[in-house]
Amino acid sequence: MFEPVLTSFVREPNSFTLDVSLTHGAYEGLRKAVTLQPGQVIDLVKASGLRGRGGAGFPTGMKWGFVPKDSPKPKYVCCNADESEPGTFKDHVLMERNPHLVIEGVAIACYAIGAKVGYIYIRGEFHHVSQVLEAAIAEARARGFLGRNIFGSGFDCDIHVHRGAGAYEAGEESALLESLEGKRAQPRLRPPFPAVVGLYGCPTVINNVETLANVPLILTKGSEWFTSLGPEKNSGPKLFCVSGHVNTPGVYEATMHTTLRQLIYDYAGGMRGGRALKAVIPGGSSTPVLLPDAIDAPASFDGVVKAGSMLGSAAMIVMDDTTCMVWAAENLIHFYRHESCGKCTPCREGADWMLKILHKIERGEGEMRDLDLLESVARNINGKTLCPFGEAEVAPVLSTLAHFRHEYEAHIREGRCPLPAPWRCGGGH
Amino acid sequence: MTFHPKMPYDTGLHQSARQLPEAGEPFAFTPENLARLEDIARRYPPERRRSALLPALYLVQRQQGYVSARAMAHVAEVVGVTPAEVEDVVSYYTMFYAQRVGTYVLQVCRTLSCALNGAERITDVLSRKLGIKPGETDPTGTFTLMEVECLGACDRAPVVVVNDQWHECLKPEDAERLVDDLRTKGLDALSGCHLCVEKR
């Protein structure tokens with residue numbers, strides 16, 4: 001039976017304070033890290049098989065290894081706490097209830113790559129969370145876990161919170177750097193990759209909050225413990241967010257052996273009102289929807305890919321049989337049109353066109369040829385943008401068209417939305 | 001002048017969508033806010049002062065409620081960039097307001113998880129109750145209604161943020177009462193984030 005480790009004490013009162021965190025072994029990972037060579041820390045993370053929890057699942061140790069060791073420039077660690085992918089709310093829990101684990105992870109990453117400064121880039125809407133983090137950093141600094149000569153090792157490290165101001169695109173790593181430099185959050189052309197030319201033109205590692213929170217555990221419990229959890233190449237504890245039409249939506253910690261079905265029916269208490277499951281988005285709005293017949297797949301990076309989607313940020317949005325899938329696609333494309341940073345034409349203009357077509361169909365004014373047009377617009381965005389936003393915004397359209405084409409056709413045939421659920425606004429929006 | 005015979009250039013299609021910021025009252029940071037800004041600027045390398053631009057704009061908004069054109073000019077001077085660069089940033093980020101807003105800015109999350117739980121109806125109820133459409137401020141300057149995208153609290157849907165504070169699991173049938181409660185109790189009417197268990 002798996003015992004939570006990332007969220008083991010988040011329900012305790014004052015879990016965010018240093019005193020409570022210390023009774024649960026806070027900063028023991030950092031204490032051990034500074035007795036090792038930086039290269040040994042990177043090797044340990046490589047051996048653990050830790051993969052990035054932000055969405056792409058890229059091996060963390062390998063990312064750290066790309067930072068040039070001989071660069072004369074300062075190096076930086078950026079913790080990506082922008083958490084804006086629709087359906088995702090896991091980093092929120094970690095930062096608010098276990099901030100010292102995140103701070104410790106950032107400090108260890110700094111030590112491993114030779115950085116003296118780390119920035120936690122947090123989304124602007126998490127105002128109260130940023131205050132918790134600031135207070136936790138001040139506590140850690142006051143007790144010598146941050147600052148100069150940490151644990152007498154000669155390692156200096158400081159961490160700062162940088163608050164964004166409402167931009168989904170700031171969660172994309174190069175756009176995050178732009179935003180941190182005081183500009184619009186728009187992506188950069190790669191190569192060069194941030195590991196070589198990142199923040200202020202210096203080598204930079206950017207990791208998700210949950211990724212960094214795993215690092216202290218790897219130091220204290222070992223890489224073998226880490227790989228023993230979960231399927232091969234999908235190791236370690238994982239936070240899953242379940243929202244939508246389920247009885248008990250929330251953040252659940254489990255291994256990646258867990259299936260999507262278990263997450264919906266066991267962890268999240270099953271479908272609300274006992275209704276039938278219609279579709280599930282397994283990894284945040286940027287991942288293709290899955291049908292009920294695919295939910296026996298393990299919720300692992302590789303398992304969900306095999307099932308025809310992606311684990312992404314492990315944010316499941318569950319929809320019951322009252323949900324109109326054209327409406328759902330329109331809702332998400334509204335999000336993408338609003339959040340497109342505007343730098344690449346296919347993404348900026350394409351999102352607008354997709355929304356117009358979807359809105360027309362949802363209102364009951366669509367024509368059959370609109371379906372081909374919609375698909376053609378989507379295919380002309382896919383792979384033609386600087387960052388993965390393009391692929392993300394076509395996922396809801398292409399996957400609903402593939403699985404629910406009959407619903408699109410019903411809208412057009414009947415000249416109305418055949419499924420105007422009572423929880424929606426009458427007459428469309 | 002037309003560039004294409006079939007393009008109706010007289011209908012405003014050729015006009016820029018740029019919304020000019022309000023000029024506003026003369027603006028300068030209070031000594032306390034200026035000191036705060038200098039504190040924040042020390043987090044970044046001295047030659048990278050521009051990184052303090054977003055924090056500076058938050059301070060402006062805290063001081064005068066929105067970011068006026070005059071405030072942008074002041075920030076440009078203090079941070080060491082051009083006023084155009086400041087406006088570029090203000091116009092990009094949704095949390096900076098270049099126009100005056102109400103005392104309470106009601107921000108209803110409209111993205112999928114909240115929408116599946118009735119967010120559309122909440123906006124509708126609030127809109128009728130306040131007599132304004134999303135994006136507008138009521139004539140008394142008390143409430144601004146906005147629809148915003150995913151706020152990262154999908155397990156407590158639907159979520160509404162008022163200014164900087166959260167209200168979770170708002171039901172459409174309770175939305176009218178929230179407005180009344182805000183009028184009488186202010187921000188204490190809000191539930192806050194369920195994770196802040198110590199505050200209850």
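Lettering of chains follows the sequences in order, A, B, ..., and the numbering in each one begins at 1.
Both the backbone and the side chain of B/Ala115 come within less than 4.5 Å of a heavy atom in chain A. Within the 4.5 angstrom heavy-atom criterion, atoms from both the backbone and the side chain of A/Val93 approach chain B. Of the atoms belonging to A/Pro422, it is backbone heavy atoms, and not side-chain ones, that fall under 4.5 Å from chain B. Contacts of B/Leu54 with chain A are made by side-chain atoms alone, with heavy-atom separations under 4.5 Å and no backbone atom involved. Proximity to chain B (any heavy atom under 4.5 Å) is shown, for A/Cys241, by neither the backbone nor the side chain. When heavy atoms are compared at a cutoff of 4.5 Å, A/Ala185 approaches chain B by way of both its backbone and its side chain. Proximity to chain B (any heavy atom under 4.5 Å) is shown, for A/Arg163, by both the backbone and the side chain. Residue A/Thr322 does not touch chain B at all, counting heavy-atom pairs closer than 4.5 Å. The contact between A/Tyr76 and chain B is made entirely by side chain atoms (from C-beta outward), counting heavy-atom distances below 4.5 Å. The contact between A/Glu12 and chain B is made entirely by backbone atoms, counting heavy-atom distances below 4.5 Å. For a residue to count as touching a neighbouring chain, one of its non-hydrogen atoms must lie under 4.5 Å from one of that chain's; by this rule A/Arg272 touches chain B with the side chain only.
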Problem set entry | side-chain contact (heavy atoms from CB on, under 4.5 Å) between B/Cys150 and A/Glu85, intermediate numbers included | CA-CA 7 Å; B/Cys150 188; A/Glu85 174 79 4; over 6 Å; no
For this session: Could you walk me through whether A/Met319 and B/Leu112 pass side-chain contact (heavy atoms from CB on, under 4.5 Å), step by step?
Result: CA-CA 10 Å; A/Met319 291 171 270; B/Leu112 193 55; 4.2 Å; yes
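In summary, the aromatic rings of A/Tyr200 and B/Tyr44 are positioned with their centroids too far apart to meet the 6.0 Å limit.
For B/Thr94 (side chain) and A/Gly166 (main-chain N/O), a donor-acceptor pair under 3.5 Å exists by modelled atom type. No donor-acceptor distance shorter than 3.5 angstrom exists from the side chain of B/Tyr92 to the backbone of A/Cys341, with no hydrogens or angles considered.
When the options B/Leu151, B/Asp155, B/Leu195 are evaluated for a side chain to side chain contact (heavy atoms under 4.5 Å, CB included) with A/Phe89, the one that passes is B/Asp155.
Between B/Thr111 and A/Tyr168 there is no side-chain heavy-atom pair separated by less than 4.5 Å. Side-chain contact between A/Glu125 and B/Val161 is absent, with no heavy atoms from C-beta onward closer than 4.5 Å. Annotation: side chain of B/Tyr58 is not in contact with side chain of A/His127 (no heavy-atom distance under 4.5 Å). Looking at heavy atoms from C-beta onward, B/Arg50 lies in side-chain contact with A/Lys183 at the 4.5 angstrom threshold. Side-chain contact between B/Arg42 and A/His160 is absent, with no heavy-atom pair separated by less than 4.5 Å. Within the 4.5 Å cutoff, the side chain of A/Glu96 has heavy atoms near those of the B/Cys193 side chain. Looking at B/Glu149 and A/Ser84, their side chains never come closer than 4.5 Å, going by heavy atoms from C-beta outward. When side chains are defined from C-beta on, A/Trp423 counts as touching B/Leu116, because their heavy atoms get closer than 4.5 Å.
Summarising the local packing, CZ of B/Arg177 is surrounded by 12 or fewer heavy atoms from other residues, nucleotides or ligands at distances under 6.0 Å. Counting non-hydrogen atoms of neighbouring residues, nucleotides and ligands closer than 6.0 angstrom, the CD atom of A/Gln131 exceeds 12 such neighbours. Summarising the local packing, CD of B/Glu25 is surrounded by 12 or fewer heavy atoms from other residues, nucleotides or ligands at distances under 6.0 Å. Crowding of A/Lys116 atom NZ: a count of heavy atoms from other residues, nucleotides or ligands under 6.0 Å not exceeding 12.
Cation-pi geometry between A/Arg184 and B/Tyr93 is not met at under 6.0 angstrom from the ring centre and within 45 degrees of the axis.
Here CZ of B/Arg110 is found 4.0 Å from NE2 of A/His334. Values are rounded to the nearest 0.5 Å. The line from OG of B/Ser51 to CG of A/Leu199 is 6.5 Å long, rounded to the nearest 0.5 Å. Annotation: the span from B/Ser113 atom OG to A/Ile281 atom CD1 amounts to 8.0 Å, rounded to 0.5 Å. The distance from atom NZ of A/Lys90 to atom SG of B/Cys154, rounded to the nearest 0.5 Å, is 12.5 Å.
The two atoms that bring A/His128 and B/Cys196 nearest to each other are CD2-SG, 4.0 Å, heavy atoms only. Contact between A/His92 and B/Gly152 at its shortest, heavy atoms only, is ND1-O, 3.3 Å.
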